[in-house]
Amino acid sequence: MSQTKNTLLQRNRDPYLRIKILIGVILAGVFLFPIIWMLFVSVKPQDMSITAPLNWFTPPYTLSNYASVMGESDVLLWLFNSAFVGFATTVITLIVTSLAAFAISKIKFRYRRAIFLFFLAGMMVPGEATIIPLFEIVKSMNLLDSYTALILPMTASPIGVIILKSFFDGVPDELMESAKIDGCSHWRLYWNIVLPLAKPAMAAIAIFTFIGSWNNFLWPFLAIVSEELYTLPIGIPSFNSTYSTTYMLPMTVNAIASLPVIIAFLIFEKQIVKGVSFTGIKG
Amino acid sequence: MKNQALRNDILAGMFLLPFFLIYVVFTIFPIFKGLQMSFFDWSLIEKGEFAGFSQYTALFTDPDFWQSLWNTTLFVILSTPGMILLALVLALLANINVGSKLRTFLRGSYFIPSILSVSVISYIAIFMLQPYSGIVNNLLNSFGLEGQVYWLANPVLAWVSIVGVTLWWTVGFNFILFLTSLQDIPDSYYEAAEIDGATRWQMFKDVTLPQLIPISRVIFLLQVLASFKVFAQILLITDGGPGTATRPLIQYIYEMGFEQYDLGYAAAMSYVLFFILLIFSVIQIRSGGQGRMI
């Protein structure tokens with residue numbers, strides 16, 4: 001309601017509205033251009049010669065690149081690995097962070113504040129700067145080159161605990177007390193009362209955890225040797241770096257890697273945007 | 001009563017345990033492990049002799065270390081202003097309310113590169129920027145520019161390319177943060193300004209901009225932190241080249257650790273990066289934390 005009023009207010013008084021729309025749309029074109037170009041190249045026949053910029057976009061089109069890329073590379077396996085690692089990382093992160101946040105927010109125990117500060121300190125540890133010792137630790141646990149190595153170290157997210165704790169704090173203690181009187185255990189309080197109320201925060205954490213895992217490059221780059229464990233960010237360069245003059249196959253691999261996330265984005269755009277503004281996390 | 005307290009301690013311990021274990025092993029322990037490693041000759045295969053401060057003294061006289069640290073800093077200096085100003089301009093453009101369809105389209109267009117994998121955006125960039133066959137040179141030629149621009153072979157142009165690509169790829173995050181705070185400014189502020197007879201420019205200068213200062217500070221610090229970690233897109237697009245002209249610190253750390261097998265030296269350099277990032281994190285957390293939740 002106030003949004004529409006704002007609209008009217010601005011529309012009535014903005015003499016530059018048309019210019020702004022024009023610039024906004026042109027910039028949108030600039031942002032979308034490389035992605036659209038990639039998609040067009042992926043459906044161009046491999047023997048096409050390009051003589052003018054427009055040739056990139058004009059017919060003939062073919063889907064044969066998709067068939068040859070799926071035959072020549074393991075892109076579908078990388079896609080599966082990325083999805084599986086992203087999904088597992090997200091689920092484990094949600095479970096362990098919400099359990100910890102519940103204890104800190106809703107159970108009165110000794111050293112509660114100290115433990116919370118200890119978790120808070122983790123926000124200041126930059127993962128990139130501790131990646132060398134992390135490699136040694138994972139190596140000494142004999143976990144290198146495994147799904148576990150890709151998933152587990154990425155799940156202890158202090159920011160997740162902090163966000164969920166502040167969300168759980170908003171659940172009134174009276175609600176907790178009355179449930180307790182009804183004979184509800186802490187586990188049931190956690191599962192049946194607090195978690196359902198924290199859905200928006202859980203969704204935000206799920207989104208940034210998944211995007212972070214999906215795009216993670218440095219850690220899989222170090223921790224994975226076997227090609228069958230490659231995720232997309234590692235697999236794509238291993239395939240694309242062998243091409244320099246053929247455009248079509250590398251862009252087809254790119255397209256296969258991107259289409260699922262583009263589609264997911266179009267479906268969940270609202271939640272994703274909310275998740276970003278909610279957490280302020282960036283890649 | 002005492003029994004109840006003990007029961008709570010045990011209960012809390014059970015809730016905390018899974019997170020605590022993972023956190024201690026993979027987040028906290030590496031800090032100390034890294035410190036230990038930086039004081040030893042540590043190869044990829046095994047731990048070697050105690051080396052004292054020799055890794056650190058070697059680092060101070062290693063021109064490659066200083067060059068890569070400077071390259072990372074240069075990237076921060078070159079990218080941060082654009083990351084903030086462009087994000088603000090995009091947010092102002094996407095905030096003009098002319099039907100939610102156009103708004104959703106603009107918002108989606110500016111943000112969508114951010115969700116693509118670094119490998120995808122890097123190879124789009126590499127192929128678009130190629131001499132002779134790349135579409136960027138095609139376009140420049142059709143606009144009348146003669147000859148070829150070697151985007152990735154010249155140090156200055158390589159930096160322009162890296163910063164430009166990164167801007168296109170990740171400015172969407174900052175854009176969303178600006179857009180959300182623009183939409184959070186209460187309408188009553190604008191109405192009051194209107195009653196006072198303020199012009200549009202005055203409204204922007206005296207209402208909009210001051211309201212954006214807190215989020216700008218958050219964005220600035222998050223951006224500096226993120227940019228100091230620059231690595232993957234440079235590795236993939238220029239591989240640190242031409243020569244080592246664009247090689248960032250993390251790439252040098254990687255090369256020393258995993259190509260020269262000198263993990264002790266790599267750990268010592270990581271510690272320098274650790275402290276640089278720590279300083280910015282502390283400033284960031286003290287100045288109001290991560291985004292809007294805390």
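Naming: A, B, ... by sequence-line order, numbering from 1 per chain. Just so you know, these numbers use all the heavy atoms, side chains as well, and skip hydrogens, waters and symmetry mates.
No side-chain heavy atom of V96(A) sits under 4.5 Å from any side-chain heavy atom of F20(B). Side-chain contact check for I236(A) versus L236(B): every heavy-atom pair is 4.5 Å or farther apart. A 4.5 Å side-chain heavy-atom check between Y110(B) and L32(A) finds every atom pair outside the cut-off. Proximity of M123(A) to S281(B): side-chain heavy atoms (C-beta onward) are nowhere separated by under 4.5 Å. W42(B) has its side chain within reach of E136(A): a pair of non-hydrogen atoms, C-beta onward, lies under 4.5 Å apart. Here the side chains of F231(B) and L218(A) are in contact, with some heavy-atom distance below 4.5 Å. F26(B) places none of its side-chain heavy atoms less than 4.5 Å from the side chain of T155(A). Put simply, the side chain of P18(B) does not reach to within 4.5 Å of the side chain of I95(A), judged on heavy atoms.
Atom OG1 of residue T27(B) and atom CE of residue M154(A) lie 8.5 Å apart, to the nearest 0.5 angstrom. Distance CD1/I35(A) to OG/S109(B): 8.5 Å, rounded to 0.5 Å. Note that the CZ atom of F29(B) and the CD1 atom of I137(A) stand 5.0 Å from one another [nearest 0.5 Å]. Taken to the nearest 0.5 Å, the OG1 atom of T130(A) stands 7.0 Å off from the CZ atom of F274(B). Here the straight-line distance linking atom OG1 of T170(B) with atom CG of N215(A) works out to 11.0 Å at 0.5 Å rounding. A distance of 11.5 Å separates CG in L93(B) from CD1 in I19(A), rounded to the nearest 0.5 Å.
If you measure heavy-atom distances from L179(B) to chain A, you find no contacts under 4.5 Å at all. Only the side chain of I28(B) comes within contact range of chain A, with at least one heavy atom under 4.5 Å from a heavy atom of that chain. Within the 4.5 angstrom heavy-atom criterion, no atom of L54(A) approaches chain B. For a residue to count as touching a neighbouring chain, one of its non-hydrogen atoms must lie under 4.5 Å from one of that chain's; by this rule P250(A) touches chain B with the side chain only. Using a 4.5 Å cut-off between heavy atoms, L86(B) touches chain A through its side chain atoms alone. Proximity to chain B (any heavy atom under 4.5 Å) is restricted, for W37(A), to the side chain, taken from C-beta onward. Neither the backbone nor the side chain of V253(A) comes within less than 4.5 Å of any heavy atom in chain B. No part of S185(A) comes within reach of chain B, as not one of its non-hydrogen atoms sits under 4.5 angstrom from that chain. In this structure, the portions of M124(A) lying under 4.5 Å from any heavy atom of chain B include both its backbone and its side chain. Of the atoms belonging to F33(A), it is side-chain heavy atoms, and not backbone ones, that fall under 4.5 Å from chain B. Contacts of V25(A) with chain B are made by both backbone and side-chain atoms, with heavy-atom separations under 4.5 Å.
A distance-only check finds a donor-acceptor pair linking the side chain of Y23(B) to the backbone of F119(A) [under 3.5 Å].
Considering F221(A), F135(A), W219(A) in turn, F221(A) is the only one that fulfils the ring pair (Phe, Tyr, Trp, His ring centres under 6.0 Å) rule with Y254(B).
Counting heavy-atom pairs closer than 4.5 Å to chain A, the top residue among L16(B), L273(B), N141(B) is L16(B). Your options are S114(B), G34(B), S117(B), and the one with the most heavy-atom pairs under 4.5 Å with chain A is S117(B). Listed options R107(B), K33(B), M37(B) were ranked by heavy-atom pairs under 4.5 angstrom with chain A; first place goes to R107(B). Interface summary for chain A: among I126(B), L92(B), D9(B), the most heavy-atom pairs under 4.5 angstrom belong to D9(B). Considering only heavy-atom pairs separated by less than 4.5 Å from chain A, the leading option among L235(B), L116(B), L277(B) is L116(B). The candidate from I121(B), I10(B), V24(B), T104(B) with the greatest count of non-hydrogen atom pairs under 4.5 Å with chain A is T104(B).
For V30(A) against W168(B), the heavy-atom pair with the smallest separation is O-NE1, 4.4 Å. For the pair Y123(B) and S241(A), the tightest heavy-atom approach, listed with the atom from each and the gap, is OH-CB, 3.4 Å. When every heavy atom of S119(B) is checked against every heavy atom of N254(A), the shortest pair comes out as O-OD1, 4.4 Å. Counting all heavy atoms, side chain and backbone alike, V120(B) lies closest to A257(A) at CG2-CB, 4.0 Å. Minimum heavy-atom separation, F19(B) to A100(A): CB-CB, 3.8 Å. Nearest approach of F109(A) to N8(B), heavy atoms of both residues: CB-O, 4.0 Å.
Between F31(A) and F111(B), the distance from one ring center to the other does not fall under 6.0 angstrom.
Evaluation of the side-chain contact (heavy atoms from CB on, under 4.5 Å) rule for Q130(B) yields Y247(A), F127(B), S133(B) as partners, not counting sequence neighbours.
Relative ring orientation between F15(B) and Y190(A) is described as perpendicular, the plane-to-plane angle rising above 60° on a 0-90° scale split at 30° and 60°.
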